[in-house]
Amino acid sequence: MNKNESSKTTDLEARMSQIPDHIWVKCPICKKTFYRRELGPYRECPYCHFGFRIGAKKRIQMICDEFTSVDDDLKAPKRFDDPKYVQKLAKVRKVTGLNEGVLTGIGEIDGQKCGIGVMDWRFIMGSLGTATGERITRLFEKSTEKHLPVVLFTASGGARMQEGISSLMQMAKVSQAVNDHAQHGLLYISVLTDPTTGGVTASFASQGDILLSEPHTLIGFAGRRVIERTIQQIPPKNFQRAETLLKNGFLDKIVNRSEMKSVLAKLLAWN
Amino acid sequence: MTKKISAYDRVLAARSAKKISIKKLVAGICDDFIELHGDRAYGDDPAVYAGIGLIGKQPVTIVSIQKGQDQKQNMARHFGSAEPDGYRKALRLMKQANKFNRPIIALINTPGAYPGVDAEYHGQGYMIAQSLIQGIKLKVPYISIIVGEGGSGGALALAVGDSVWAFENSVYSILSPEGYATILWKDSSRVKEAAAAMKLTPKDLLSMHVIDKIVPEVHDQKSMTQFKDALSHKIDELKQMSVEERLKKRYQRYRNFN
Ligand SMILES: [Zn+2]
C-alpha cells in the first residue's frame with residue numbers, strides 16, 4: 001500500500017536538496033558557523049566532528065554496499081487509534097518515507113554480510129513503538145536464523161508514549177531476541193547515535209558486545225529536565241555526551257562518521 | 001464489593017503511605033529471612049532490599065525496590081528509586097539464585113529508576129539493560145509482583161520472569177500520569193484524564209496480559225497468609241515444569257507483545 005511512498009524521494013530530502021550550499025549553518029556543539037557544503041558527504045562538523053542528525057536511509061547509504069530491507073510494511077497496530085496519534089503517524093511516514101521508526105534488513109559492509117537496523121529520529125523522536133520493537137526483534141531473529149552478526153544504529157527519545165505499556169514491553173521482547181542471538185555465539189555491534197536516551201538506552205542500545213558512538217552524541221537514561229527537577233541543580237554541561245560515557249567506561253569507542261564504515265568492517269571481519 | 005474507583009484513585013492508592021512496607025511483606029512471606037548487601041562494584045543502594053528467605057522448606061531469593069516509611073528513609077532510598085548499584089545488587093543476587101537453583105521473587109514499589117547525575121555516570125541505562133537481558137534468561141522460577149507503583153524501565157528491570165502479578169491497589173506504566181499530561185497535552189492539571197487514558201490499572205494490565213494475576217491488597221494476617229500461599233503454589237507449579245518448558249513459555253509471554 002505504501003510501496004510508492006517509501007521508494008520515492010521523501011518530501012524532506014527533496015527540500016533539503018534545494019537548500020543552497022552557500023548558506024551558513026551553526027554547529028550545535030562547538031557553535032562555530034560554516035558553509036553547509038563544508039559538512040561534506042558525512043554531514044560532520046568540520047571543527048568538532050559532531051555528526052549532524054541524518055535519517056535512516058541516508059545512514060544505510062553511508063554504511064552499506066548492499067542492503068535489502070525487510071518488514072517495510074509493518075506498522076503500528078490498529079488498536080492505537082487515537083485520531084491525533086494516527087494523524088501524527090501519517091505525517092512522519094511522509095517525512096521519513098518509512099512506515100515505522102526503524103529501517104531493518106540484511107546488508108553488506110565491505111563484503112561482510114550482516115543484519116542491519118537504523119532507527120530514524122525523525123519518526124516521533126525515534127520513539128520505541130510496538131512495531132519498532134517488532135521490527136528489531138525480527139531483525140535479531142532473522143540474523144540468528146541466518147547465522148549473521150547484527151549492526152544496529154540507535155537514535156531515540158525513549159518510549160512511544162502514545163502506545164503506553166506496550167512500548168515498555170518492547171524492551172523485554174527485544175532483549176530476549178538479543179539474548180537468543182548472543183546465545184548462538186553471534187556478534188552484535190550497537191552504535192549509539194545522537195540522541196539515544198530512555199528505554200532504548202535501558203535496553204538493546206546497551207546490550208551489544210561492542211558499543212560504539214560518534215563524537216558528542218547525547219546518550220542517557222533520564223532526561224536532563226527530569227534530573228534538574230529531581231536534584232534541583234543544573235547538571236554539568238556534557239554529563240550525557242559520548243565522551244563522558246567513554247571516560248566512565250560505558251562505551252568501547254567513539255568513531256568519526258567518516259570512519260564508521262571501515263571500523264565496522266574490521267570488527268565484523270575479526271569476529 | 002468495593003465501589004467503582006477511578007484510575008486516578010488507583011494511582012493515589014498505589015502511592016499511599018499506608019500501603020504495607022516491603023520489609024513487612026518479606027517478613028510475612030518468609031518464615032525466616034537474611035538480608036544481603038552490596039553490588040560488589042560500587043555500593044549498597046538502600047532502595048533495593050534483597051536477600052535469601054525460607055517459605056516453608058523452600059529457600060527463595062527475594063529482590064525488591066522499596067520506598068521509605070519516613071522522611072529520612074525516603075531521602076536515602078530516593079522515594080523508592082533505585083540507582084545503578086541497586087540494580088547491580090539485585091542482578092548479582094538473582095544470578096546467585098540461578099546458580100543455587102533458588103526461585104526468585106521480586107517485589108516492586110518504585111516510581112522509576114533514579115534520575116540523578118551520578119546515576120547517569122554509573123550507567124543507569126546500562127544496568128537496566130543488563131537486568132533485562134540477563135534476568136530474562138535465568139533458569140529458575142522468577143515471579144514479580146507490582147506492590148504499589150511500577151514505574152517504567154525501573155520496574156521492568158525486575159519484572160521479566162515467568163509470571164507478573166499486581167496488587168489490587170497498584171499501577172504499572174511507562175511514565176507517571178503527571179508526566180504524560182505534561183508531555184502529551186502540555187497541561188499537568190489533566191492528570192486524572194491521563195491516568196484513565198494510560199490503561200495503568202491492574203484490570204487494564206490483566207486484559208493486555210502485561211500481568212497474569214491481581215492479588216488482593218495485603219493488610220492483615222489473613223490476606224498475608226493468602227498471598228504467601230499463592231506464591232508457594234505458583235513456585236510449586238513452576239518447579240514442576242522442565243527448565244526448557246519454563247523458558248519456552250517465558251519467551252512466548254514477552255514475544256506476544258506485538
Ligand atoms: Zn562542531
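As the structure is a prediction and not an experimental result, all values here were calculated from the model. Because only heavy atoms are used, hydrogens play no part in the values below, and waters and symmetry mates are left out as well, while side chains stay in. First the proteins, then the strands, lettered A, B, ... as listed; each starts at 1.
- Both the backbone and the side chain of B/Ile133 have a heavy atom closer than 4.5 Å to some heavy atom of chain A.
- When heavy atoms are compared at a cutoff of 4.5 Å, B/Ile183 approaches chain A solely by way of its side chain, counted from C-beta outward.
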- So B/Lys199 and A/Ile165, side chain to side chain contact (heavy atoms under 4.5 Å, CB included) or not? Walk me through it. CA-CA 8 Å; B/Lys199 297 192 167 60; A/Ile165 199 85; over 6 Å; no
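- When heavy atoms are compared at a cutoff of 4.5 Å, B/Ser152 approaches chain A by way of both its backbone and its side chain.
- Residue B/His78: no heavy atom, backbone or side chain, is found under 4.5 Å from chain A.
- Among the candidates A/Asp180, A/Thr130, A/Asn179, the residue making the largest number of heavy-atom pairs closer than 4.5 Å to chain B is A/Asn179.
- For the pair A/Ile231 and B/Pro115, the tightest heavy-atom approach, listed with the atom from each and the gap, is CG2-O, 4.2 Å.
- In terms of heavy-atom proximity, B/Tyr172 sits nearest to A/Met169 at OH-CE, 3.7 Å.
- Residue A/Glu163 does not touch chain B at all, counting heavy-atom pairs closer than 4.5 Å.
- Of all the heavy atoms in A/Ser175 and B/Leu132, the pair that sits closest is OG-CB, 3.6 Å.
- Only the side chain of A/Arg79 comes within less than 4.5 Å of a heavy atom in chain B; its backbone stays farther off.
- For A/Phe250, the part lying under 4.5 angstrom from a heavy atom of chain B is the side chain only.
- Looking at B/Gln124, its side chain never comes within 3.5 Å of a backbone N or O of A/Ala202 through a donor-acceptor pair.
- When all heavy atoms of A/Phe221 and B/Gly125 are compared, the closest pair comes out as CB-N, 3.8 Å.
- Residue A/Ala131 does not touch chain B at all, counting heavy-atom pairs closer than 4.5 Å.
- Heavy-atom minimum distance, B/Val160 versus A/Ala172: CG1-CB, 3.8 Å.
- If you measure heavy-atom distances from A/Ser166 to chain B, you find no contacts under 4.5 Å at all.
- Neither the backbone nor the side chain of B/Arg253 comes within less than 4.5 Å of any heavy atom in chain A.
- Contact annotation for B/Met208: only side-chain heavy atoms (C-beta onward) come within less than 4.5 Å of a heavy atom of chain A.
- Across all their heavy atoms, B/Val117 and A/Pro235 have their closest contact at CG2-CB, 3.7 Å.
- Side chain of A/Gln176 to backbone of B/Lys137: no donor-acceptor contact under 3.5 angstrom is found.
- Side-chain contact between A/Thr244 and B/Glu120 is absent, with no heavy atoms from C-beta onward closer than 4.5 Å.
- Neither the backbone nor the side chain of A/Gln233 comes within contact range of chain B; no heavy atom of the residue lies under 4.5 Å from a heavy atom of that chain.
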